[in-house]
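Each remark here refers to the structure printed beneath this line.
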Number of protein chains: 2
Amino acid sequence: MAIYFDNAATTPLLPEVKEVMIDIINHEYGNPSSIHMMGRVAKTIVERSRKTIANIIKSAVGEIFFTSGATESNNLILQKSFETLGIKRYISSPLEHHCVLHTLEYMAKKGCEVHYLNVDSQGHIDLNELEQLLESSEQETLVSIMHGNNELGNVVDIGSVGALCKVHGALFHTDTAQTMGKLEIDAHAMHIDFLTGSAHKFYGPKGIGFVFINGDHKLEPMLLGGSQERNMRSGTENVICIAGMAKALEVSYAQRSTWQSHIFELKTALRSGILEAVPGIQVLGTEDSALHHILSVSFPQSAKSDLMEVNLDMAGVYASAGSACSSGTLKASHVMEAIKADATRKTVRFSLSHMNTIEEVNQVIQVLRR
Amino acid sequence: MAIYFDNAATTPLLPEVKEVMIDIINHEYGNPSSIHMMGRVAKTIVERSRKTIANIIKSAVGEIFFTSGATESNNLILQKSFETLGIKRYISSPLEHHCVLHTLEYMAKKGCEVHYLNVDSQGHIDLNELEQLLESSEQETLVSIMHGNNELGNVVDIGSVGALCKVHGALFHTDTAQTMGKLEIDAHAMHIDFLTGSAHKFYGPKGIGFVFINGDHKLEPMLLGGSQERNMRSGTENVICIAGMAKALEVSYAQRSTWQSHIFELKTALRSGILEAVPGIQVLGTEDSALHHILSVSFPQSAKSDLMEVNLDMAGVYASAGSACSSGTLKASHVMEAIKADATRKTVRFSLSHMNTIEEVNQVIQVLRR
């Protein structure tokens with residue numbers, strides 16, 4: 001038995017994505033910067049991919065830049081907005097991914113003011129506090145709030161955050177790693193200045209991502225060199241992975257309603273099955289706005305729950321005891337600390353995909369019952 | 001007819017590389033940071049790849065870090081050596097790739113002293129000047145000199161440069177994009193502190209590379225986040241491309257002598273054929289130490305030579321009018337400017353691989369004759 005319930009950590013490639021990538025592996029190898037025919041073919045693959053992504057978030061084609069993933073994209077925005085847009089203050093939340101939080105710590109060392117909004121025990125971010133902070137100071141501010149939380153599954157109404165930022169003249173950056181391809185995003189209508197996405201969270205390859213930079217802003221690049229991405233991000237383009245990412249987003253976005261219904265059914269069954277099977281279990285995160293593919297639960301402390309992830313692993317059930325990026329280190333999750341979760345309890349995140357089945361859900365419930 | 005003579009811009013994937021990448025595409029998708037079995041399988045692929053690369057440049061496994069390519073690697077070393085190792089002066093040459101030169105311009109804006117060594121008309125770098133500069137100042141210095149030049153094919157004796165740096169307490173960084181897998185490199189014996197490589201120059205995929213950081217140095221990362229690469233480079237690893245890169249380097253390095261002999265024969269035939277076919281043509285670069293796969297020639301000004309690259313393209317011959325990264329822009333090459341090449345003449349770089357044949361060489365000579 002092998003049940004993959006860790007789709008918030010990374011996802012399998014879609015068959016259509018495999019096909020596109022293997023086709024390029026077998027047939028194309030030009031450098032998109034070469035002006036001869038082989039280069040132009042590669043360039044066309046890159047530019048078509050850019051158009052696909054731009055269409056989905058309703059941006060201009062020239063507002064999309066390819067990077068090595070959400071981590072690079074988030075570092076670029078947070079580091080360079082200070083250096084080139086004169087940002088003096090960052091407002092974020094303690095629930096962000098480490099690639100945002102650790103970069104903000106770095107910005108604080110550089111002398112920036114960094115403010116983390118209060119969160120409650122369900123992980124709601126205090127947007128009243130955000131409004132007060134924005135009203136209280138005229139300092140050049142960038143607000144960085146993720147769209148969907150990777151550990152709790154909470155969804156933030158980024159349209160409201162964007163509108164609030166716009167009213168107060170602050171810039172708005174959002175990490176959409178967990179929501180891209182799953183929820184509708186209209187970059188301009190939501191007043192988003194900077195948005196980042198990562199292919200391997202929406203059934204594309206690892207090590208490739210993108211950043212949307214609102215055309216009104218002239219950010220300086222972090223990687224300097226050969227003028228790729230219209231000088232915004234140098235380095236020969238990862239043609240194979242860029243094409244795979246665009247195909248992954250195209251298919252995910254087209255199928256999002258169908259997949260969402262299926263995944264939500266699985267999550268509902270998993271949720272009620274676990275609640276019934278394991279005494280004292282708690283479901284984490286907000287009840288009012290949750291991602292359909294993430295279910296985080298916390299087990300009461302016991303000899304068995306301490307070894308929960310290992311036992312699940314041995315039973316062929318692949319889930320996560322935290323976000324994938326930090327789970328390797330086995331440290332307590334910063335998100336659980338932020339919502340003041342009981343540290344004696346053991347958290348497990350199950351994250352589902354359209355490829356999962358109700359039979360798998362039932363098997364996992366049986367394993368947990370043991 | 002399609003003849004690819006642009007292997008210094010980018011190379012085709014080796015059959016063995018395609019196989020490895022397609023196998024992972026079809027069978028593996030775990031996140032190397034996940035601690036369950038699927039993650040451990042992915043982690044093993046990444047760590048085996050690291051070992052392959054470390055063995056080839058005779059470094060410790062822990063001195064190799066994966067990045068999105070040589071551009072990112074070079075930016076990391078040049079930007080962060082200032083910020084975290086206290087480098088105050090950079091010594092380089094005007095023949096470096098734009099990802100080094102543009103980053104050095106950026107460092108100069110940050111207040112660093114940047115010195116470009118003199119070069120002669122063949123592209124020899126003045127190493128006496130380097131020695132004088134190193135002797136003249138006790139300032140914390142990093143020397144950045146590429147191993148093989150991408151436009152001229154010149155090879156620098158990096159062992160001597162490394163030894164010179166060591167004697168004078170300077171750090172030595174070398175971009176080996178054009179030589180990795182082709183020439184032998186012993187990172188420690190050559191006193192190299194930092195070395196960068198890019199997979200797509202040695203028959204691996206684009207968008208992946210690595211950096212060697214001598215274990216004596218504690219550099220801070222440029223990309224902050226999820227602790228990947230032992231905190232040196234965050235972001236989920238591009239497992240498919242990392243495995244492809246390692247396989248590409250393994251095969252290239254194992255075959256280097258055989259391939260070099262074949263490619264050198266082709267280059268010799270191409271060189272003498274062109275010299276005989278085109279009156280007034282000149283071969284660029286050094287005669288004493290040239291890479292076997294690069295032949296840069298300069299045509300006398302004429303209506304035909306102005307359209308040289310376009311005409312070659314139309315004839316199905318893919319070569320480059322400069323380095324790939326800047327050729328898309330059709331600006332005069334900074335390397336040609338540095339060696340004070342006659343700006344009225346037209347430069348074309350032919351760069352060969354073991355996949356090319358003597359028949360292709362003869363066809364190209366015929367095209368040039370017309």
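Labels below follow one simple rule: chain letters A, B, ... track the order of the sequence lines, proteins then strands, and each chain is numbered from 1. Just so we're clear, the structure is a prediction, and the values are computed from it rather than from any experiment. Reckoned from all heavy atoms, side chains included, excluding hydrogens, waters and symmetry mates.
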request  = Go through Met314(A), Glu220(A), Glu105(A), Glu237(A) and name the one with the most non-hydrogen pairs under 4.5 angstrom from chain B.
outcome  = Glu237(A)
inquiry  = Please classify the contact between Gln79(A) and chain B as side chain, backbone, both or neither, with a heavy-atom cut-off of under 4.5 Å.
reply    = side chain
query = Does Lys110(B) have any salt bridge (charged side-chain N to carboxylate O under 4.0 Å, His left out) partners at least two apart in sequence or in another chain, and if so, which?
reply = Glu83(A)
query = Hey, which of Cys99(A), Pro12(A), Gly69(A), Ala2(A) has the most heavy atom pairs under 4.5 Å with chain B?
reply = Pro12(A)
inquiry  = At a heavy-atom distance under 4.5 Å, which candidate from Gly209(B), Gly225(B), Gly207(B), Ala70(B) has the highest pair count against chain A?
reply    = Gly225(B)
task = Decide yes or no on side chain to side chain contact (heavy atoms under 4.5 Å, CB included) for Ile240(A) and Ile240(B), but give the supporting numbers first.
result = CA-CA 10 Å; Ile240(A) 296 167; Ile240(B) 296 167; over 6 Å; no
ask   = Where is the tightest heavy-atom contact between Met37(B) and Asp313(A), given as atom of each residue plus distance?
value = N-OD1, 3.1 Å
request  = Identify which part of Ala319(A) has an atom lying under 4.5 Å from any heavy atom of chain B, answering side chain, backbone, both or neither.
outcome  = backbone
task = Side-chain contact test, heavy atoms from C-beta onward, threshold under 4.5 Å: evaluate it for His36(B) versus Phe5(A) and give yes or no.
result = no
query = Side chains of Leu224(B) and Leu78(A): does their closest heavy-atom pair fall under 4.5 Å?
reply = no
key: Heavy-atom side-chain contact between Asp6(A) and Met38(B) under 4.5 Å   = no
Check: His102(A) and Pro221(B) side chains under 4.5 Å, non-hydrogen atoms = no
remark   = Under 4.5 Å to a heavy atom of chain B? For Thr11(A) that would be backbone
key: Considering all heavy atoms, the nearest Lys206(B)-Gly30(A) contact   = CE-O, 3.3 Å
Glu72(A) portion near chain B, given a 4.5 angstrom heavy-atom threshold = both
remark   = Between Leu223(B) and the options Leu223(A), Asn75(A), Leu76(A), the side-chain contact (heavy atoms from CB on, under 4.5 Å) test singles out Asn75(A)
task = Please report the C-alpha distance between Ser68(A) and Arg233(B) in whole Å, then the side-chain angles of each, then the deciding distance to 0.1 Å, and finally whether the side chain to side chain contact (heavy atoms under 4.5 Å, CB included) criterion is met.
result = CA-CA 11 Å; Ser68(A) 65; Arg233(B) 202 284 192 177; 3.0 Å; yes
query = If you draw a 6.0 Å radius around CD in Glu47(B), do more than 12 non-hydrogen atoms from other residues or ligands fall strictly inside?
reply = yes
query = Quick one: ring pair (Phe, Tyr, Trp, His ring centres under 6.0 Å) partners of His173(A), sequence neighbours excluded?
reply = none
request  = Take Cys241(A) and Asn238(B), measure what side chain to side chain contact (heavy atoms under 4.5 Å, CB included) needs, and give me the verdict at the end.
outcome  = CA-CA 9 Å; Cys241(A) 290; Asn238(B) 193 326; 3.6 Å; yes
ask   = Does any heavy atom of chain B fall under 4.5 Å from the side chain of Asn26(A), the backbone, both, or neither of them?
value = both
inquiry  = I need the minimum non-hydrogen distance between Asn31(A) and Thr10(B), along with the two atoms involved.
reply    = N-CG2, 3.4 Å
ask   = Non-hydrogen atoms of chain A under 4.5 Å away: do they reach the side chain of Met222(B), the backbone, both or neither?
value = both
task = For residues His200(B) and Tyr29(A), determine if any side-chain heavy atom of one lies less than 4.5 Å from a side-chain heavy atom of the other.
result = no
